[in-house]
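Data first, discussion second: the structure below is written as structure tokens.
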2 protein chains.
Amino acid sequence: MTKRLAIGDLARLTGTKVNTIRFYEEIGLLPVALRTASGRRSYDTADLRRLSFIRHGRQLGFSIPEIRSLLALSDQPDRDCGEAAAIARAHLADIGIRIARLETLQTALTEVATSCEGGRAAECRVIEAIAGTELAL
Amino acid sequence: MTKRLAIGDLARLTGTKVNTIRFYEEIGLLPVALRTASGRRSYDTADLRRLSFIRHGRQLGFSIPEIRSLLALSDQPDRDCGEAAAIARAHLADIGIRIARLETLQTALTEVATSCEGGRAAECRVIEAIAGTELAL
DNA sequence: ACTTGATCCTCCAGTGACTGGAGGATGTAT
DNA sequence: ATACATCCTCCAGTCACTGGAGGATCAAGT
């Protein structure tokens, strides 16, 4: 039998609250956990990877329905490849925008962070970075 | 007098609910809005940019305290440059991680999206993409 | 001037995604 | 055997909105 993890271990390894893990099970983001003889939840490394994915996804601002649809890509072993491709494509555009915005913010913050050495306060373009250029109103 | 916007205009232009704009005013993310003679809120393009920043920031997964601290960089005209640089630096590491994760996810999704044309279902690396490589346990 | 429909106001209740705590059982280390 | 951490369930609270009631105001058309 490979290494099994208690809920607390999983929580520590992923930076998740124990209650949150139980919550994810309740709403079906994580599979119903196996139980030990005494009724405690027991996990393996697949659960660890899945939870890690969920947590990082949440930190990136994906909603739970979005994460569900991303997880669906992994959950369907090889059926309905066309549908999987459609889900993937639907997310790709959004991800491109996110990356672009983060990169603009990165540039703006780098400017702020380095401006002090340059002598005086930088022209602060932080809002402009993320506000979006489409607002030329 | 330059162009003034009603709360509904601001909502439409930024994709925000009217109630959410009032909420942001209440918690101090947006300045207390000017009012017309009849008591309606009135906005300008600075408010539009600020709200646009807030909304995009939220979509990128930044919490309201984080957004507050990013806005602080723009709000302080030129006082305490060192503090501003510290805030900027604190966010930069995090942003680098976000970008890297999104790029890995982008690669994984592109693989899924293009695999159908190649003939058979791709080995789905979506979870692996975001789960993080530090979990080699 | 009047009506109609959209928009605004305040206030307050509800939702999504957690977070924390009470009360009690179980595991582990001395 | 005693302690102390960890687990269980259940339920209440928080954060960031979201929606609706009840009522005033505005802008357009007749």
Side-chain angles (χ1 to χ4, degrees), chain A residues 1 3-44 47-48 50-72 98 130, chain B residues 1 3-44 47-48 50-72 98 130:
Chain A
M1 204 194 292
K3 197 191 261 153
R4 300 246 104 215
L5 299 163
I7 196 169
D9 300 329
L10 204 60
R12 237 168 282 110
L13 288 165
T14 60
T16 312
K17 300 286 159 64
V18 164
N19 277 340
T20 303
I21 297 174
R22 292 196 270 251
F23 171 72
Y24 287 155
E25 177 179 326
E26 202 176 295
I27 64 171
L29 267 195
L30 288 176
V32 172
L34 293 177
R35 301 287 185 130
T36 65
S38 64
R40 296 184 172 204
R41 288 173 181 83
S42 167
Y43 300 92
D44 60 16
D47 297 311
L48 179 57
R50 192 179 179 91
L51 178 56
S52 190
F53 174 87
I54 295 167
R55 290 269 86 200
H56 288 154
R58 293 289 296 129
Q59 281 160 26
L60 291 170
F62 293 103
S63 69
I64 280 177
E66 280 167 340
I67 288 175
R68 226 183 267 280
S69 105
L70 287 167
L71 284 171
R98 284 164 192 257
I130 281 214
Chain B
M1 205 195 294
K3 197 190 261 153
R4 300 245 104 215
L5 300 163
I7 196 169
D9 301 329
L10 203 61
R12 237 169 282 110
L13 288 166
T14 59
T16 312
K17 301 286 160 65
V18 164
N19 277 340
T20 304
I21 298 174
R22 293 196 270 252
F23 171 73
Y24 287 155
E25 177 178 326
E26 201 175 297
I27 65 171
L29 267 194
L30 289 175
V32 172
L34 293 178
R35 300 288 185 130
T36 66
S38 66
R40 296 183 172 208
R41 287 173 182 82
S42 166
Y43 300 92
D44 61 15
D47 296 311
L48 179 57
R50 193 179 178 90
L51 178 55
S52 190
F53 174 87
I54 294 167
R55 290 270 85 199
H56 288 154
R58 293 289 296 129
Q59 280 160 27
L60 291 171
F62 293 103
S63 70
I64 281 178
E66 279 167 340
I67 288 174
R68 226 183 267 281
S69 106
L70 286 167
L71 284 171
R98 284 165 192 257
I130 283 213

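Here is how names work: the chains are called A, B, and so on, in the same order as the sequence lines, proteins then strands, and each is numbered from 1. We use all heavy atoms of the structure for the numbers below, so side chains are in, but hydrogens, waters and symmetry mates are not.
Between A:T14 and A:L48 the shortest side-chain heavy-atom distance falls below 4.5 Å. Contact check for B:L30 versus B:I54: side-chain heavy atoms found under the 4.5 Å cut-off. Taking the side chain as every heavy atom from C-beta outward, B:Y43 and B:L51 never approach each other to under 4.5 Å. A 4.5 Å side-chain heavy-atom check between B:R41 and B:I21 finds every atom pair outside the cut-off. Between B:I27 and B:R68 the shortest side-chain heavy-atom distance falls below 4.5 Å. A:F23 is not listed as a side-chain neighbour of A:L29, based on a closest heavy-atom distance of 4.5 Å or more. Contact annotation: the side chain of B:R40 never approaches that of B:I7 to less than 4.5 Å [non-hydrogen atoms, C-beta and beyond].
A salt bridge links B:R12 and B:D9; the closest N-O separation between the charged side-chain nitrogens and carboxylate oxygens is under 4.0 Å.
With rounding to whole Å, A:L5 atom CG is found 16 Å from C:dG27 atom C1'. Computed from coordinates, the B:L13 CG to C:dT7 C1' distance equals 15 Å when rounded to whole Å. Following rounding to the nearest Å, B:I7 (CD1) and D:dT25 (P) show an atom-to-atom distance of 17 Å. The nearest whole Å value for the distance from the CZ atom in A:R22 to the P atom in D:dT6 is 13 Å. If you measure from atom CD1 of B:I67 to atom C1' of D:dC17, you get 13 Å, rounded to the nearest angstrom. With rounding to whole Å, B:I21 atom CD1 is found 13 Å from C:dT10 atom P. Remark: C1' of D:dA16 and CD of B:E66 are 14 Å apart, rounded to the nearest angstrom. To the nearest angstrom, P of C:dT7 lies 16 Å from OH of B:Y43.
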* To do: Would you mind building the protein contact string for nucleotides 13-19 of chain C? One character per nucleotide, 5' to 3', B for base within reach (heavy atoms under 4.0 Å), S for sugar-phosphate only, - for untouched.
  => ----SBS
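At least one side-chain nitrogen or oxygen of A:R41 sits closer than 4.0 Å to the OP1 or OP2 atom of D:dC8.
Considering A:R4, A:R50, A:K3 in turn, A:R4 is the only one that fulfils the salt bridge (Lys or Arg N to Asp or Glu O under 4.0 Å) rule with A:D44.
Residues from residues 31-40 of chain B placing a heavy atom under 4.0 Å of any atom in DNA chain D, listed by number, are B:S38, B:R40.
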